[in-house]
Chemist: 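Questions regarding the structure given below will be posed in turn.
Counting from 1, the numbers follow the sequence of the chain as shown.
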Amino acid sequence: MSKKIGNPISILIIAIALLLNACSPAKDKVTVQLSWFHSAEFIGFYTADQLGYYNDENLEVALVAGGPETDPIASVFEGTSQFGVTPGDSIIRAQSAGQEPVAISSIFRKSPLIVMALANSGISTPQDLAGKTVGVVSPGLDTTWDIQFIAMLKKVGVDPASITFVPNEEFYSAADLHTDRMDATSGTFSTNELVQAKIDGEDVVPIYYGDYGVEFYNNLIFTDAKLISSDPELVQRFIRATLKGYQYAVEHPQEVAAFPLKYDESLDVAFQQATIEAQIPLLDTGDAQIGWMEEDIWNNTQAILLDQGYITSPIDLTKAYTNDFIK
């Protein structure tokens with residue numbers, strides 16, 4: 001008895017599918033060096049990955065966690081990643097030193113950076129910090145967050161010499177404020193440490209740097225100018241998918257809250273959702289599209305770096321950032 005063969009039409013369909021799969025181009029593999037540990041701070045990347053937006057752009061994207069010792073700019077220029085997340089002042093300082101990182105999108109359009117103090121401390125403005133002890137990222141005052149903190153003090157006429165600086169030990173959380181080591185902690189994010197403090201039932205007061213004229217881009221997506229020159233289409237596909245991820249996350253915070261757990265299963269989904277919801281007004285400000293960067297903020301950042309001596313002369317800011325891939 002002869003063997004029964006399948007439906008000829010079904011066989012043809014399978015053959016065509018196999019042929020198309022064999023002929024489809026290999027995905028472009030790219031690595032993104034995040035600036036901090038996996039968390040909802042990077043929800044747009046996770047959303048683009050989990051919902052297939054990168055796949056739709058023929059990209060295979062690896063998202064690498066960062067941390068206190070991570071230097072995303074070094075990672076990109078050493079060739080271990082093609083894209084990274086870093087603050088605007090780091091872009092300018094690297095450009096001043098002869099490197100060519102280029103910001104291609106903001107993440108937060110408004111700064112989440114705050115000083116945090118207990119409500120019963122009597123501290124509610126930067127002027128109240130005079131004569132107090134404040135936790136900072138580095139007592140040497142040479143990090144991104146400390147540069148902005150000093151700038152805020154100068155904006156309101158507080159002499160930094162009137163403040164005692166001590167290192168933060170609990171990742172800038174409210175826990176440090178209960179140790180008598182400090183009266184306030186700087187360099188915290190309203191989308192992270194302030195969220196956690198409220199969840200913990202802490203009665204805290206946030207002082208927003210942006211309310212006092214210090215508006216940096218604290219999370220930027222960047223790449224090497226050479227990649228922009230050699231493969232702008234790759235950069236375009238990556239940014240298009242990532243910003244689509246951020247747009248979806250803004251519109252569906254509850255749905256995407258579990259996505260960060262795909263990258264770090266120890267995370268708490270309720271906290272991730274609270275973080276996303278706190279980020280929404282900073283991501284989508286309503287006055288420009290998500291990811292857009294403003295010239296005034298770049299000018300302000302450079303002026304502060306010049307004032308504090310971190311760069312000795314202005315750079316050409318048109319080489320430090322571009323909105324071309326957002327358009």
Side-chain angles (χ1 to χ4, degrees), residues 35-37 41 66-74 85-97 101 107-108 110-117 121 123 125-177 179 181-194 197 204-220 297-298 300-312:
S35 55
W36 202 242
F37 306 113
E41 182 175 339
E69 305 302 320
T70 301
D71 183 350
I73 290 180
V85 176
T86 201
D89 71 287
S90 296
I91 298 283
I92 294 174
R93 288 197 279 176
Q95 285 261 352
S96 181
I107 295 179
F108 297 126
K110 299 290 289 183
S111 175
L113 208 61
I114 61 171
V115 172
M116 189 165 63
S121 68
I123 298 171
T125 70
Q127 292 90 333
D128 297 329
L129 296 171
K132 300 294 196 299
T133 299
V134 178
V136 293
V137 180
S138 167
L141 299 176
D142 58 358
T143 71
T144 288
W145 317 135
D146 297 338
I147 290 170
Q148 294 177 68
F149 179 55
I150 295 299
M152 182 178 68
L153 294 177
K154 289 185 174 183
K155 289 275 189 181
V156 300
V158 174
D159 183 357
S162 70
I163 295 175
T164 300
F165 299 105
V166 296
N168 287 310
E169 292 184 349
E170 297 292 337
F171 283 118
Y172 332 122
S173 75
D176 270 332
L177 302 176
T179 63
R181 292 185 60 248
M182 61 186 69
D183 301 298
T185 179
S186 74
T188 61
F189 272 26
S190 63
T191 56
N192 191 351
E193 291 84 6
L194 180 60
V204 294
V205 173
I207 302 171
Y208 286 84
Y209 291 30
D211 289 345
Y212 296 91
V214 180
E215 223 14 294
F216 277 34
Y217 286 121
N218 289 303
N219 275 17
L220 290 165
I297 293 180
W298 282 99
N300 182 50
T301 302
Q302 175 152 267
I304 288 170
L305 292 176
L306 287 165
D307 176 67
Q308 296 187 29
Y310 287 102
I311 58 175
T312 57

Chemist: Aromatic ring centroids of F189 and W36 under 6.0 Å?
Modeler: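 For F189 and W36, the ring centres are not under 6.0 Å apart.
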Chemist: How long is the straight-line distance from CG of L220 back to OG of S90, given to the nearest 0.5 Å?
Modeler: 9.0 Å
Chemist: Do P87 and F216 have side chains that approach each other closer than 4.5 Å (heavy atoms only, starting at C-beta)?
Modeler: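 SC-SC contact between P87 and F216 ruled out.
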Chemist: Working to the nearest 0.5 Å, report the span between OH of Y217 and NZ of K110.
Modeler: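 Going from OH on Y217 over to NZ on K110, the span is 9.0 Å.
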Chemist: Which pair of heavy atoms, one from V137 and one from N168, lies closest together, and at what distance?
Modeler: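 For V137 and N168, the tightest heavy-atom pair comes out as N-ND2, 3.8 Å.
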Chemist: Any idea which heavy atoms bring G66 and F37 closest together, and the distance?
Modeler: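 For G66 and F37, the tightest heavy-atom pair comes out as O-CD2, 3.2 Å.
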Chemist: Spell out, as yes or no, whether a donor-acceptor pair under 3.5 Å connects the side chain of Q308 to the backbone of I147.
Modeler: yes
Chemist: Set out, in order, the CA-CA distance, both residues' side-chain angles and the distance that settles side-chain contact (heavy atoms from CB on, under 4.5 Å) for S35 and T70, then state yes or no.
Modeler: CA-CA 7 Å; S35 55; T70 301; over 6 Å; no
Chemist: Checking the side chain of D89 only, and the main-chain atoms of T144 only, is there a donor and an acceptor separated by less than 3.5 Å?
Modeler: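 No; zero donor-acceptor contacts below 3.5 Å.
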Chemist: Provide the closest heavy-atom pair for I107 versus E41 in the form atom of the first, atom of the second, distance.
Modeler: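 Minimum heavy-atom contact is CG2-O, 4.5 Å.
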Chemist: Can you give me the closest heavy-atom contact between E215 and N300, atom names plus distance?
Modeler: N-ND2, 3.4 Å
Chemist: Just distance, no hydrogens or angles: give the donor-acceptor pairs under 3.5 Å from side chains in residues 149-167, sequence neighbours left out.
Modeler:
residue, atom, partner, partner atom, Å
K154, NZ, D307, OD2, 3.3
D159, OD1, A161, N, 2.9
S162, OG, D159, O, 2.6

Chemist: Does E193 reach the side chain of I114, with side-chain heavy atoms less than 4.5 Å apart?
Modeler: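 No, too far: nothing below the 4.5 Å cut-off.
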Chemist: For a 4.5 angstrom cut-off between non-hydrogen side-chain atoms, does S190 reach P206?
Modeler: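 Answer no - side chains too far apart.
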Chemist: Are any of the side-chain heavy atoms of L113 and W145 separated by less than 4.5 Å?
Modeler: yes
Chemist: With a 3.5 Å cut-off and sequence neighbours excluded, list the donor-acceptor pairs that the side chains of residues 127-135 form with protein atoms.
Modeler:
residue, atom, partner, partner atom, Å
Q127, OE1, T125, OG1, 3.3
D128, OD2, S124, N, 2.9
D128, OD2, S124, OG, 3.4
D128, OD2, T125, N, 3.0
D128, OD2, T125, OG1, 3.2
K132, NZ, D128, O, 3.4

Chemist: Quick one: does Q95's side chain have a donor or acceptor within less than 3.5 Å of a partner on P101's backbone?
Modeler: yes
Chemist: Under the side chain to side chain donor-acceptor pair (under 3.5 Å) rule, collect the residues that match up with S111, sequence neighbours excluded.
Modeler: N218
Chemist: Are V115 and P126 packed together at the side-chain level, in the sense that at least one heavy-atom pair is separated by less than 4.5 angstrom?
Modeler: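 Side-chain contact under 4.5 Å: no.
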Chemist: Using modelled atom types and a 3.5 Å cut-off, is there a donor and acceptor pairing between side-chain atoms of T301 and backbone atoms of I297?
Modeler: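 Judged by distance alone, yes, a pair lies under 3.5 Å.
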Chemist: Residues in side chain to side chain contact (heavy atoms under 4.5 Å, CB included) with D71, at least two apart?
Modeler: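 Side chain to side chain contact (heavy atoms under 4.5 Å, CB included) list for D71, sorted by chain: I73, A74.
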Chemist: Drop me the distance from T185's OG1 to M116's CE, to the nearest 0.5 angstrom.
Modeler: 6.0 Å
Chemist: Sorted by first residue and then second, give each salt bridge (charged side-chain N to carboxylate O under 4.0 Å, His left out) pair with at least one member in residues 181-191; sequence neighbours left out.
Modeler: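 For residues 181-191, and leaving out neighbouring residues, the salt bridge (charged side-chain N to carboxylate O under 4.0 Å, His left out) pairs sorted by first residue read E169-R181, D176-R181.
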Chemist: Less than 4.5 Å apart, side chain to side chain, heavy atoms only: is that true for V214 and I304?
Modeler: yes
Chemist: Holding to side chain to side chain contact (heavy atoms under 4.5 Å, CB included), I want the full list of residues that pass it with I311, two or more places apart in sequence or in another chain.
Modeler: I92, R93, S96, Q302, L305, L306
